[in-house]
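Note that this is a predicted model, so its numbers are computed, not measured.
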Amino acid sequence: MALRNHSSITEFLLLGLSADPHIQSVLFVLFLDIYLLTIMGNLMMLLVIRADSHLHTPMYFFLSHLSFLDLCLSSVTMPKMLKDLLSVIKTISVGGCLAQGFFVFITAGTEGFLLSVMAYDRYAAICHPLLYGQMIRKQLCVQLVWSSWVLGFLNAFINIFLAANLDFCENHTISHYSCEVPSLFPLSCSDISINLTVLFCSTLLHGLGTLLPIISSYANIVSTILSISSTTGRSKAFSTCSSHLTAVSCFYGSGFLRYLMPTSGSTLELIFSVQYSLVTPMLNPLIYSVKNKEVKAAVRRTLGKYLPRSQGKNRAKG
């Protein structure tokens, strides 16, 4: 029977990405730049989508929620990590650690569901363009987004609830830069078999439950695109999906591997975590804007509302 010493452990020690002060300085500059780009990029997407009426469509409604999720996901871990890169001792309270793990779980989990919803939106737009308005109604869009949040919350709550009831031993060192749920298991002197089983099953169900609809949607999309006789038409249809496919590859390629692989504190494990929780939120605004003519045009229109006025004032002063 495990000793009830959970209350004796008040904080955990995070090892971070490196113990070398010089490397930490370089990492601080690198990740500060990533965080600033993440904030600016996602805030820009939110502002442009809200301000430009041409983007008030289901696709950009979902994209605005993706930008909000990316802001949240990055902000859950990045500020603490930046602080730790400048600190000698990197500690976090048990409650703070569980809270961080919960918010990482809910934001990343909700993003997985939302990417699946966005794949269905692309399927409806390309495979059934004449019925798109009926298939993707405004009320359905709201319901799908709320469903993503609810499912993400349930997934996070179950795993964090079980983790909160663990007993932690004298070893309180986490071989990571943040408090992801799998990183807590090696520190426990309780039986973690239930936690591991629930985490594996929930991650597998979550992955299959969101990835299979994406694969099914794109199987139909590819079939439809190949049936288009015009090369220009095929290129235009594919371009509307390329951004989403890139975002899915970046997120799923690292996020679910992180939660399915055994916790060891390895470099590969850290790379997967950095990829899905820090790098992907920065890349998504770039992915959806660089090759997106509608977003580029909306940015120009939004800036155009203010630039002529400022130029006019400068001329008046001159």
Check your understanding: Should we count CG of Leu212 as having more than 12 external heavy atoms under 6.0 Å?
Key -> yes
The reported gap from CD in Gln134 to CG in Leu140 (rounded to nearest 0.5 angstrom) is 12.5 Å
Practice task
Ignoring hydrogens and angles, state whether a donor on the side chain of Gln100 or Ser178 is under 3.5 Å from an acceptor on the partner side chain.
Solution key: no
Tested for side chain to side chain contact (heavy atoms under 4.5 Å, CB included) against Leu162, the lone hit among Val198, Ile192, Thr197, Leu199 is Val198
When every non-hydrogen atom of Thr38 is compared with those of Asn42, the smallest separation belongs to O-ND2, 2.8 Å
Could you verify whether a donor N or O on one side chain and an acceptor N or O on the other, from Thr210 and Tyr252, lie under 3.5 Å apart?
yes
> Under the side chain to side chain contact (heavy atoms under 4.5 Å, CB included) criterion, do Met135 and His128 qualify, and how do the steps go?
Replying inline: CA-CA 9 Å; Met135 294 177 66; His128 304 283; 3.6 Å; yes
| Do Asp121 and Tyr132 touch side chain to side chain, with heavy atoms closer than 4.5 Å? | yes
Rounding to 0.5 Å, atoms CD (Gln275) and SG (Cys250) come to a distance of 5.5 Å
- Task: Dump the intermediate steps for side chain to side chain contact (heavy atoms under 4.5 Å, CB included) on Phe102 and Phe153, then the final yes or no.
- Result: CA-CA 9 Å; Phe102 173 80; Phe153 172 82; 3.6 Å; yes
_Do Phe61 and Trp146 land in one hydrophobic cluster if side-chain heavy atoms of ILVMFWY residues count as linked below 4.5 Å?_
yes
Q) Heavy-atom count around Phe103 CZ within 6.0 Å, excluding the residue itself: above 12? A) no
Note: Ser190 and Leu166 closest approach over all heavy atoms is OG-C, 3.8 Å
Would you call Ser273 and Glu180 a side-chain contact if the rule is heavy atoms closer than 4.5 Å? yes
Hey, quick one: are Leu154 and Leu144 part of the same hydrophobic cluster, counting side-chain heavy atoms closer than 4.5 Å, chains of contacts allowed? yes
For Gly112 and His206, the nearest pair of non-hydrogen atoms, with its separation, is CA-NE2, 4.4 Å
Heavy-atom nearest pair, Gln24 first then Ser87, reads OE1-O, 4.3 Å
Nearest heavy-atom approach of Leu17 to Tyr177 is CD2-CD2, 3.6 Å
*Quick one: does Thr203's side chain have a donor or acceptor within less than 3.5 Å of a partner on Phe200's backbone?*
no
The reported gap from CG in Leu187 to CG in Asp167 (rounded to nearest 0.5 angstrom) is 12.5 Å
Q. Taking the side chain as C-beta and beyond, is there a heavy-atom pair between Met78 and Leu36 under 4.5 Å?
A. no
Check: Lys90 and Lys83 side chains under 4.5 Å, non-hydrogen atoms
no
- Message: Let's go through Phe251 and Leu115 carefully: what are the C-alpha distance in whole Å and the side-chain angles of both, what is the deciding distance for side chain to side chain contact (heavy atoms under 4.5 Å, CB included) to 0.1 Å, and is it a yes or a no?
- Response: CA-CA 9 Å; Phe251 182 79; Leu115 288 171; 3.9 Å; yes
One should read off an interatomic distance between Cys141 SG and Ile136 CD1, to the nearest 0.5 angstrom, of 6.0 Å
When every non-hydrogen atom of Ile174 is compared with those of Ser183, the smallest separation belongs to CG2-CB, 3.7 Å
For residues 71-81, the salt bridge (Lys or Arg N to Asp or Glu O under 4.0 Å) pairs (sequence neighbours left out) are Lys80-Asp84
- If two hydrophobic side chains count as joined below 4.5 Å and joins carry through other members, does Leu211 share a cluster with Tyr276? yes
Fill in: Flag side-chain contact, heavy atom, 4.5 Å: Phe28 against Ile23
no
Side chain to side chain contact (heavy atoms under 4.5 Å, CB included) test vs Phe31 passes for just one of Val26, Thr77, Leu82, namely Leu82
Besides Val222, the hydrophobic cluster formed by Ile, Leu, Val, Met, Phe, Trp and Tyr side chains linked at under 4.5 Å, directly or via other members, contains Leu226
With the side chain counted from C-beta on, respond yes when Phe105 and Val181 share a heavy-atom pair under 4.5 Å apart, and no when they do not. yes
Distance col, row Asn284:CG vs Leu66:CG, nearest 0.5 angstrom, shows 5.0 Å
(message) The test is side chain to side chain donor-acceptor pair (under 3.5 Å); show your working for Ser18 and Asp20 and say whether it passes.
(response) CA-CA 6 Å; Ser18 173; Asp20 188 322; 5.6 Å; no
* **Polar side-chain atom of Thr91 near backbone of Leu13 as donor-acceptor pair, under 3.5 Å** => no
Answer whether the closest heavy-atom distance between the side chains of Ile214 and Tyr120 falls below 4.5 Å.
no
Item to check | Intermediate values then yes/no, side chain to side chain contact (heavy atoms under 4.5 Å, CB included), Cys179 and Leu98 | outcome: CA-CA 7 Å; Cys179 287; Leu98 291 171; over 6 Å; no
- Query: Crowded around Phe68 CZ? As in, over 12 foreign heavy atoms under 6.0 Å?
  - Reply: no
ring-ring contact (aromatic ring centres under 6.0 Å, His included) pairs touching residues 33-58, sequence neighbours excluded, are none
### Task
Measure from the side-chain N and O atoms of Ser67 to the backbone N and O of Leu63, and report whether any donor-acceptor pair falls under 3.5 Å.
yes
Query raised in the report: Is it true that Leu85 and Val279 fall in one hydrophobic cluster, defined by side-chain heavy atoms closer than 4.5 Å?
Result: yes
Q.
I'd like to know if the side chain of Ser74 reaches the main chain of Asp70, judged simply by a donor and an acceptor atom lying under 3.5 Å from each other, with no hydrogens or angles considered.
A. no
dist Ile34:CD1 -> Leu37:CG (nearest 0.5 Å) comes out at 8.0 Å
Do Phe113 and Trp149 make a side-chain contact, defined as non-hydrogen atoms from C-beta onward lying under 4.5 Å apart?
no
Practice item. Report yes or no: do Ile92 and Ile89 belong to one cluster of Ile/Leu/Val/Met/Phe/Trp/Tyr joined by side chain heavy-atom distances under 4.5 Å? Key: no
Tested for ring pair (Phe, Tyr, Trp, His ring centres under 6.0 Å) against His244, the lone hit among Tyr218, Phe62, Tyr123 is Tyr218
